[in-house]
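Just below is one structure, and these are the notes that go with it.
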Amino acid sequence: MAPPPWYPSPALSGAGYSAAELAESCDRVFLLDQRDLPAREVYATLRSVEEVAEAIRAMVVRGAPAIGIAAAYGMVLAARALRPAEASRYVAGLRAAASMLVAARPTAVNLSWAVSRMLASAEAHAHEPAEERVADLAALARRIHVEDLEACRRMGRVGAARIPHGATILTHCNAGALATGGYGTALGVVRAAAEAGKQVRVLADETRPYLQGARLTAWELSQDGIPVEVITDSMAGHFLRRREVTAIVVGADRIARNGDIANKIGTYGLACLAKHHGVPFYVAAPWSTVDLATLDGDHIPLEERSRDEVVRVGGSVLVPEGVPARHPAFDVTPAELITAIFTERGEYAAGEIARAGEAGA
Ligand SMILES: CSC[C@H]1O[C@H](OP(=O)(O)O)[C@H](O)[C@@H]1O
């Protein structure tokens, strides 16, 4: 299985450390630099919350749950740097760290969800001794990480029930181990189907311009021995029309109250093609991606990234100097185009997600 996108200070993965030892050792976060994959497996070592925020902004780590988890570890680094502070300065410092992390990327709600959980805990424990404060946050960051991995495994099993033996799954971007606490959301469905003994193969959209599909999804699935073929984004319609696709399964960065989703740019077009060709269009996402405070897709902030990321591939410039380029990094797929949403709590019709959330599903 592909390695997780990061690992924190070794102490965080081992029990039996005192609060002081834990606080002392939580001085760095290791992130697998996803910009270098598949050519190189290089880990960045981050020693401050500022470095974690920049790593999220620059997409060293990317993927909705993964950036939330990375930000949680960033909050631990911030707490460690604030060890000497008395309670009010400690809280003020962590509020500033939280704002910096949340500002790194606007669309994935998992980022603000994880940071808010960390900040609430820090405020609750602000009057504890310095070492205890850091240890509490370190334990919570680890819990957020492990909970996501466990959620991906459960959601994978929920979705795999809809995947027949012999299926060809088309997916977009990378919603795999690299985008989560491990195992993946859309790729979690693929992995769970394979683990259930079903033959599955994947058509992976390359997903311009960051090429998450060509570089990351292909890397993950080839390591797992799951058949995968890379296609250019413009080929999807061709294979759907030729009836080569059993189902489309994608991740999400935010699920609004009415069931609209934001996901990687190109997802909306896939959903329209799926509708036209009568192919199921599934979304797999942990409940931390559901944002009942956002009414619908029109209210989801959609990140615009730099022109450079569109006009350059590798070291080559594709577009004449001075010619503008657009780079919306996400688009919105309306609930009516979604066949079902797979979560760790079960499968839901997109339009039912709010009712399920309010019923405490
Ligand atoms: C499992 S969430 C993966 C989700 O995140 C990706 O965006 P980015 O690579 O820009 O962080 C994409 O929308 C994926 O579906």
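Ligands are counted one by one from 1 in listed order, and the atoms in each one are counted from 1 as well. Keep in mind that what you see is a predicted model, and the values were worked out from it rather than measured. Numbers for residues simply follow the sequence, beginning at 1.
The residue among T185, T107, L187 with a heavy atom at the shortest distance from atom 1 (C) of ligand 1 is T185.
The protein heavy atom nearest to atom 15 (O) of ligand 1 is N263 OD1, 2.5 Å. Atom 2 (S) of ligand 1 has A64 N, 3.3 Å as its closest protein atom, hydrogens excluded (heavy atom only). Looking from atom 5 (O) of ligand 1 to the surrounding protein, the closest heavy atom is D253 OD2, 3.3 Å.
The shortest heavy-atom distance from A329 to ligand 1 is not under 4.0 Å. Heavy-atom separations between M59 and ligand 1 include at least one value shorter than 4.0 Å. Residue contact annotation: E303 has no non-hydrogen atom under 4.0 Å from ligand 1. Using a 4.0 angstrom heavy-atom cutoff, N174 counts as in contact with ligand 1. Heavy atoms of F330 come nearer than 4.0 angstrom to ligand 1 in at least one pair.
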- Task: Verify side-chain contact (heavy atoms from CB on, under 4.5 Å) between I144 and W113, making sure each step is shown before the conclusion.
- Result: CA-CA 10 Å; I144 289 172; W113 169 84; 4.0 Å; yes

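Salt-bridge annotation for E220 and R215: absent, with no side-chain N of the basic residue lying under 4.0 Å from a carboxylate O of the acidic one. In summary, E150 and R153 do not engage in a salt bridge, as defined by a charged side-chain N under 4.0 Å from a carboxylate O. Salt bridge status for E303 with R305: present, with a side-chain N to carboxylate O gap under 4.0 Å. R355 has a carboxylate O that lies under 4.0 Å from a charged side-chain N of E352, or vice versa, which qualifies the two as a salt bridge. Ionic pairing of R191 and D224 is present here: one or more N-O contacts between side-chain nitrogen and carboxylate oxygen are shorter than 4.0 angstrom. Between E147 and R117, at least one side-chain N (NZ, or NE/NH1/NH2) sits under 4.0 Å from a carboxylate O, which counts as a salt bridge. Ionic pairing of R162 and E347 is present here: one or more N-O contacts between side-chain nitrogen and carboxylate oxygen are shorter than 4.0 angstrom.
D233 is linked by a salt bridge (charged side-chain N to carboxylate O under 4.0 Å, His left out) to nothing, counting only residues two or more places apart in sequence or in another chain.
For the residue pair S121 and E123, no side-chain donor N or O sits within less than 3.5 Å of a side-chain acceptor on the partner. In this model, a donor atom of one side chain and an acceptor atom of the other lie less than 3.5 Å apart for R201 and T168.
Any N or O atom pair closer than 3.5 Å counts here, and A175 shares no such pair with ligand 1. For the pair H172 and ligand 1, the shortest N or O to N or O distance does not fall below 3.5 Å. Among the atoms of T180, none of the N or O lies under 3.5 angstrom from an N or O of ligand 1.
For ligand 1, the atoms lying closer than 4.0 Å to a non-hydrogen atom of P65 are 1 (C), 2 (S). For ligand 1 and R105, the ligand atoms under 4.0 Å from any heavy atom of the residue are 8 (P), 10 (O), 11 (O). Of all atoms in ligand 1, numbered sequentially from 1 with element shown, those under 4.0 Å from a heavy atom of Q212 are 8 (P), 9 (O), 10 (O). With ligand atoms numbered from 1 in the order given, ligand 1 contributes 2 (S) to contacts under 4.0 Å with heavy atoms of A252.
Only side-chain heavy atoms of C173 come within less than 4.0 Å of ligand 1; its backbone N, CA, C and O stay farther off.
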